[in-house]
Amino acid sequence: QVQLEESGGSLVQAGGSLRLSCAVSTRNFRAVGWFRQAPGKEREFVSAIWGWNSGRPRYADSVKGRFTLSTDTSKNTMYLTMNDLRPEDTAVYYCGAGTRLILSSMMNSDAYNYWGQGTQVTVSS
């Protein structure tokens with residue numbers, strides 16, 4: 001079983017930056033990543049990495065060049081550094097871990113079987 005806990009969400013002005021954290025209880029999963037859900041919308045992929053630090057993270061086109069996923073093995077924590085935030089980035093951000101998914105499904109939220117409780121990010125214009 002994997003436990004995840006997000007933190008770092010806040011209200012920020014457009015153009016600002018935030019860093020979200022996701023503490024994990026174990027690194028015994030195949031992939032870990034960030035998803036977000038805005039009111040009235042489905043949960044969407046933001047960024048994910050295979051294993052803990054194997055290879056390069058993948059990003060949604062909407063955040064490429066602005067968001068960066070990183071991991072700290074000593075703290076068992078994954079980060080999402082978000083720059084140049086836009087009002088359309090407003091959402092609840094979730095970190096998820098998948099213990100059974102395959103590489104080709106890494107951007108599909110249905111493939112993840114463990115989730116944190118989420119952290120709210122609000123970007124004002």
Taking atom [atom1] of [X] and atom [atom2] of [Y], what is their separation to the nearest 0.5 Å?
X	Y	atom1	atom2	value
Arg19	Met82	CZ	CE	11.5 Å
Ser109	Leu101	OG	CG	11.5 Å
Trp34	Cys22	CH2	SG	5.0 Å
Glu42	Asp110	CD	CG	8.5 Å
Asp84	Ser17	CG	OG	8.0 Å

Ignoring hydrogens, what is the shortest heavy-atom contact between [X] and [Y]? Give both atom names and the distance.
X	Y	result
Ile49	Pro57	CD1-CG, 4.1 Å
Gly9	Thr119	N-OG1, 3.0 Å
Ala14	Ser125	CB-CA, 4.3 Å
Thr26	Gln1	CG2-O, 3.6 Å
Asn28	Val2	O-CG2, 4.1 Å

Answer yes or no: is there a side-chain heavy-atom contact under 4.5 Å between [X] and [Y]?
X	Y	value
Tyr79	Leu20	no
Leu18	Phe67	no
Trp52	Val24	yes
Tyr93	Glu6	no
Met78	Ser21	no
Arg30	Leu103	no
Tyr59	Val46	no
Val12	Thr122	no

Next on the checklist: I'd like to know whether Val63 forms a side chain to side chain contact (heavy atoms under 4.5 Å, CB included) with Arg36, so could you lay out the CA-CA distance, the side-chain angles of the two residues, the decisive distance to 0.1 Å, and finally the verdict.
Outcome noted: CA-CA 12 Å; Val63 307; Arg36 66 188 182 186; 4.0 Å; yes
Next on the checklist: Starting from Val92, can I reach Tyr114 by hopping between I/L/V/M/F/W/Y residues whose side chains sit under 4.5 Å apart?
Outcome noted: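 They do not share one cluster, since no chain of ILVMFWY contacts under 4.5 Å joins Tyr114 to Val92.
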Next on the checklist: According to a hydrophobic-cluster definition based on side-chain heavy atoms being under 4.5 Å apart (Ile, Leu, Val, Met, Phe, Trp, Tyr only), do Leu4 and Phe45 belong together?
Outcome noted: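 In one cluster: no.
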Item to check | More than 12 heavy atoms of other groups within 6.0 Å of Gln3 CD | outcome: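 No, because the 6.0 Å sphere around CD of Gln3 holds 12 heavy atoms or fewer from other groups.
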Checklist entry - Are there more than 12 heavy atoms of other residues, nucleotides or ligands under 6.0 Å from atom NZ of Lys64? => result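 Atom NZ in Lys64 is packed in, count exceeds 12.
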Checklist entry - Between the side chains of Thr77 and Asp72, is a donor N or O closer than 3.5 angstrom to an acceptor N or O? => result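 On atom types as modelled, these side chains do not qualify, holding no pair under 3.5 Å.
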Next on the checklist: Quick one about Ser7 and Glu5 (side-chain donor to acceptor, distance below 3.5 Å, no hydrogens or angles considered), yes or no?
Outcome noted: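 Side-chain D/A pair, Glu5 to Ser7: absent.
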Next on the checklist: Determine whether Glu44 and Gln37 satisfy the following criterion, side chain to side chain contact (heavy atoms under 4.5 Å, CB included), listing intermediate values before the conclusion.
Outcome noted: CA-CA 6 Å; Glu44 66 172 3; Gln37 188 166 17; over 6 Å; no
Item to check | Geometric cation-pi criterion, Arg43 with Tyr94: 6.0 Å, 45° | outcome: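 Verdict for Tyr94: a cation-pi partner in Arg43.
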Checklist entry - Charged N to carboxylate O under 4.0 angstrom, Asp89 versus Arg86? => result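 No, Asp89 and Arg86 are not salt-bridged.
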Checklist entry - Does the gap between the ring centers of Tyr112 and Phe35 come in under 6.0 Å? => result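 Under 6.0 Å, so yes.
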Checklist entry - Checking Asn113 side chain against Arg100 main chain: does a donor-acceptor pair fall under 3.5 Å? => result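 Not a single qualifying donor-acceptor pair exists.
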